[in-house]
Amino acid sequence: MNIFQTRLPGCLVIEPDVHADARGFFYEAWNAARFAAHGLPAQFVQHNVSRSQRGVLRGLHYQWPGNPQGKLVCVLEGEVYDVAVDLRQDSPTFGQHVAAILSAGNRRQFWIPEGFAHGFLVLSETALVSYLCTAPYDRASDCALRWNDARLAIDWPLAQVQLSDKDANAPFLDAIPPECLPRCLP
Ligand SMILES: Cc1cn([C@H]2C[C@H](O)[C@@H](COP(=O)(O)OP(=O)(O)O[C@H]3O[C@H](C)C(=O)[C@H](O)[C@H]3O)O2)c(=O)[nH]c1=O
């Protein structure tokens with residue numbers, strides 16, 4: 001397993017060891033002991049799966065104050081442009097983002113810690129996105145941030161996107177009161 005730092009401390013790109021043979025391939029998507037040895041969560045409590053067609057953009061979402069979620073994201077079919085935004089108001093990288101191309105082909109995983117907003121844009125015909133979460137869904141704490149907020153300057157690779165109503169009307173960062181923004185966890 002290779003782990004790559006990104007320009008946002010805490011956000012990591014992980015390349016699992018892939019065992020290929022004449023039948024296909026096998027890899028361990030998560031292993032508690034191995035992840036713990038790298039300081040990654042040894043416990044997840046929820047596994048999410050979503051399928052979307054090209055141009056669908058889901059995000060940018062985060063949970064706060066209840067049940068902030070760390071996420072281990074991977075793509076089982078297709079390809080997505082995956083984005084994490086540091087929303088921890090006391091972080092030196094507040095408001096900054098990092099993006100990674102995740103695909104069934106590159107088998108890359110993206111570890112996104114608590115306090116970050118997460119979103120992805122589907123680049124392939126369809127994409128099946130699978131992600132483990134360190135905390136359960138908490139509808140009361142489910143928050144959204146506008147995907148095309150100029151302050152974030154995310155260079156989404158498709159001009160036309162399909163959004164949920166929630167995401168199309170999500171607030172801009174400047175409009176989110178401080179008490180609704182995450183803080184660095186102790
Ligand atoms: C997130 C979630 C949603 N739901 C229900 C609520 C809605 O009735 C339906 C669709 O929810 P939503 O439109 O929020 O789904 P996404 O737009 O894919 O949201 C996700 O998108 C970005 C990429 C994320 O990282 C989050 O995990 C999550 O916010 O599933 C649940 O029952 N459990 C859940 O954990």
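Both counts, for ligands and for their atoms, begin at 1 and track the order of listing.
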Taking atom types as modelled, find out whether T93 and D86 have a side-chain donor-acceptor pair closer than 3.5 angstrom. yes
Please determine, by modelled atom types, if Q69 and Q46 share a side-chain donor-acceptor pair under 3.5 angstrom. no
Side chains of R54 and S124: any donor to acceptor distance under 3.5 Å? no
Taking NZ, NE, NH1 and NH2 as the nitrogens, is one of them in R23 or D21 under 4.0 Å from a carboxylate oxygen of the other? yes
Passes side chain to side chain contact (heavy atoms under 4.5 Å, CB included), V122 versus Q53? Steps please. CA-CA 7 Å; V122 177; Q53 66 259 15; over 6 Å; no
Which pairs of donor and acceptor atoms, one on a side chain in residues 111-118, lie under 3.5 Å apart (sequence neighbours left out)?
from: E114; atom 1: OE2; to: T134; atom 2: OG1; distance (Å): 2.9
from: H118; atom 1: NE2; to: D82; atom 2: OD1; distance (Å): 2.9
from: H118; atom 1: NE2; to: D82; atom 2: OD2; distance (Å): 2.8

Are any protein N/O atoms closer than 3.5 Å to the N/O atoms of ligand 1? If there are, list each pair with names and the distance to one decimal place.
from: ligand 1; atom 1: 14 (O); to: K166; atom 2: NZ; distance (Å): 2.9
from: ligand 1; atom 1: 18 (O); to: R58; atom 2: NH1; distance (Å): 2.9
from: ligand 1; atom 1: 19 (O); to: H61; atom 2: ND1; distance (Å): 3.2
from: ligand 1; atom 1: 21 (O); to: H61; atom 2: ND1; distance (Å): 3.0
from: ligand 1; atom 1: 25 (O); to: K71; atom 2: NZ; distance (Å): 2.9
from: ligand 1; atom 1: 25 (O); to: H118; atom 2: ND1; distance (Å): 2.7
from: ligand 1; atom 1: 27 (O); to: Y131; atom 2: OH; distance (Å): 2.8
from: ligand 1; atom 1: 29 (O); to: H61; atom 2: ND1; distance (Å): 2.6
from: ligand 1; atom 1: 35 (O); to: Q46; atom 2: NE2; distance (Å): 2.9

